[in-house]
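Dropping a structure here in structure tokens format, bear with me for questions.
Below, each value reflects all heavy atoms present in this structure, side chains not excepted, and no hydrogens, waters or symmetry copies.
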Amino acid sequence: AQSVTQLGSHVSVSEGALVLLRCNYSSSVPPYLFWYVQYPNQGLQLLLKYTTGATLVKGINGFEAEFKKSETSFHLTKPSAHMSDAAEYFCAVRGDYTGGFKTIFGAGTRLFVKA
Amino acid sequence: EPEVTQTPSHQVTQMGQEVILRCVPISNHLYFYWYRQILGQKVEFLVSFYNNEISEKSEIFDDQFSVERPDGSNFTLKIRSTKLEDSAMYFCASSTGQGGTNEQFFGPGTRLTVL
């Protein structure tokens with residue numbers, strides 16, 4: 001069965017600083033990995049996804065993530081934080097036929113951006 | 001761009017009452033899902049639905065819950081007798097296919113408050 005662990009329930013950075021949100025996954029089959037962002041009182045917006053191919057994935061709003069199979073990681077980064085990046089970020093893995101096709105979410109990391 | 005829509009955006013109900021949450025998936029999608037997010041917690045899978053049948057359901061999805069696709073466009077989640085612990089944000093999602101490469105598109109959510 002697949003699972004996702006997000007390290008750090010809260011991350012605080014200064015505006016302009018590097019954003020690094022950590023995600024590790026567990027999967028017995030090649031994983032399909034996702035990052036979602038949730039702004040206050042809003043729904044889930046897909047930031048980026050990894051399915052196959054290039055391990056460095058670029059998403060919206062300047063975010064990117066790198067799939068590292070050897071580390072079972074899929075950390076989310078952004079070179080320079082903006083105030084508008086303050087939100088909750090969820091790493092997720094899609095199950096396949098072994099675990100159903102549901103999306104399994106991590107617990108989330110709330111990103112705070114200081115002026 | 002096509003999107004998943006959900007109504008209502010907020011629903012307040014009394015404990016023991018029945019509620020129906022409505023979703024309109026993207027028109028050419030064939031797979032439908034409901035997820036739940038209790039305040040401050042992670043997003044949890046409830047149920048998936050395909051070809052007018054439940055494909056998979058979680059432990060949360062007990063006999064109090066049911067899903068239906070009453071016509072060609074709507075997908076509903078019914079909670080027969082609401083409990084306080086049903087208070088949560090409920091997200092509908094849809095996808096064209098079942099495999100992990102098929103992105104699940106999420107709706108904006110319905111916030112259910114049970115008093």
Side-chain angles (χ1 to χ4, degrees), chain A residues 1-10 21 23 25 27-54 57 59-60 67 74 87-110, chain B residues 1-7 9-10 21 23 26 29-51 54-61 67 88-113:
Chain A
Q2 288 85 1
S3 67
V4 170
T5 302
Q6 290 185 242
L7 302 175
S9 59
H10 297 85
L21 305 182
C23 172
Y25 69 89
S27 178
S28 55
V29 297
Y32 302 116
L33 297 160
F34 305 80
W35 276 99
Y36 290 88
V37 60
Q38 185 180 34
Y39 297 101
N41 299 314
Q42 293 190 28
L44 298 166
Q45 182 180 8
L46 180 67
L47 271 180
L48 50 79
K49 64 180 178 182
Y50 169 80
T51 53
T52 58
V57 181
I60 62 171
F67 169 64
F74 190 57
E88 185 97 20
Y89 291 80
F90 292 95
C91 183
V93 62
R94 282 291 300 279
D96 68 348
Y97 66 90
T98 66
F101 293 96
K102 58 186 176 286
T103 300
I104 300 158
F105 290 85
T109 297
R110 183 165 295 279
Chain B
E1 185 176 332
E3 58 183 16
V4 176
T5 59
Q6 291 184 241
T7 54
S9 56
H10 292 88
L21 309 183
C23 168
I26 294 173
H29 286 188
L30 301 175
Y31 295 83
F32 314 110
Y33 312 83
W34 282 102
Y35 292 81
R36 179 181 83 175
Q37 184 185 30
I38 294 172
L39 187 63
Q41 298 186 24
K42 66 179 175 182
V43 179
E44 302 171 290
F45 168 78
L46 288 179
V47 66
S48 58
F49 191 85
Y50 169 71
N51 198 26
I54 290 175
S55 316
E56 185 185 1
K57 59 183 180 179
S58 71
E59 299 166 349
I60 304 167
F61 194 89
V67 289
M89 181 77 94
Y90 289 81
F91 293 104
C92 174
S94 69
S95 64
T96 53
Q98 197 175 23
T101 58
N102 293 285
E103 180 183 340
Q104 291 181 357
F105 291 81
F106 284 83
T110 293
R111 182 169 297 284
L112 175 65
T113 302

Distance in Å, A/Y36 OH paired with B/F91 CZ, rounded so as to fall on 0.5 Å steps: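 Between atom OH of A/Y36 and atom CZ of B/F91 there are 11.5 Å.
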
Spacing of B/Q37 atom CD and A/Q38 atom CD [to the nearest 0.5 Å]: 4.5 Å

- prompt: Using a cut-off of under 4.5 Å for heavy-atom pairs, which of A/A92, A/S9, A/G43, A/P31 has the most such pairs with chain B?
  reply: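 Most pairs with chain B among the choices: A/G43.
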
- prompt: What is the minimum heavy-atom distance between B/F106 and A/L44, and which atoms define it?
  reply: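 In this case the closest contact between B/F106 and A/L44 is CD2-CD1, 3.8 Å.
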
- prompt: Is atom CD1 of A/I60 surrounded by more than 12 heavy atoms (other residues, nucleotides or ligands) closer than 6.0 Å?
  reply: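 Yes - once you tally the heavy atoms of other residues, nucleotides and ligands closer than 6.0 Å, there are more than 12.
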
query: Non-hydrogen atoms of chain A under 4.5 Å away: do they reach the side chain of B/Y35, the backbone, both or neither?
result: side chain

- request: Select all residues of residues 42-51 of chain B having any heavy atom within less than 4.5 Å of some heavy atom of chain A, and report them by number, or 'none'.
  value: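 If one takes a 4.5 Å heavy-atom cut-off, the residues of residues 42-51 of chain B near chain A are B/K42, B/V43, B/F45.
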
task: Against chain B, label A/Y50 side chain, backbone, both or neither, depending on which of its atoms sit under 4.5 Å from a heavy atom there.
output: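 It is neither, since no heavy atom gets under 4.5 Å.
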
field: Point-to-point distance, once rounded to the nearest 0.5 Å, from CZ of A/R94 to OG of B/S95
entry: 5.5 Å

message: Test of understanding: with side-chain hydrogen bond (donor to acceptor under 3.5 Å, both in side chains), list the residues that count as partners of A/Q6, not counting sequence neighbours.
response: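 Checked A/Q6 against side-chain hydrogen bond (donor to acceptor under 3.5 Å, both in side chains); matches are A/T109.
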
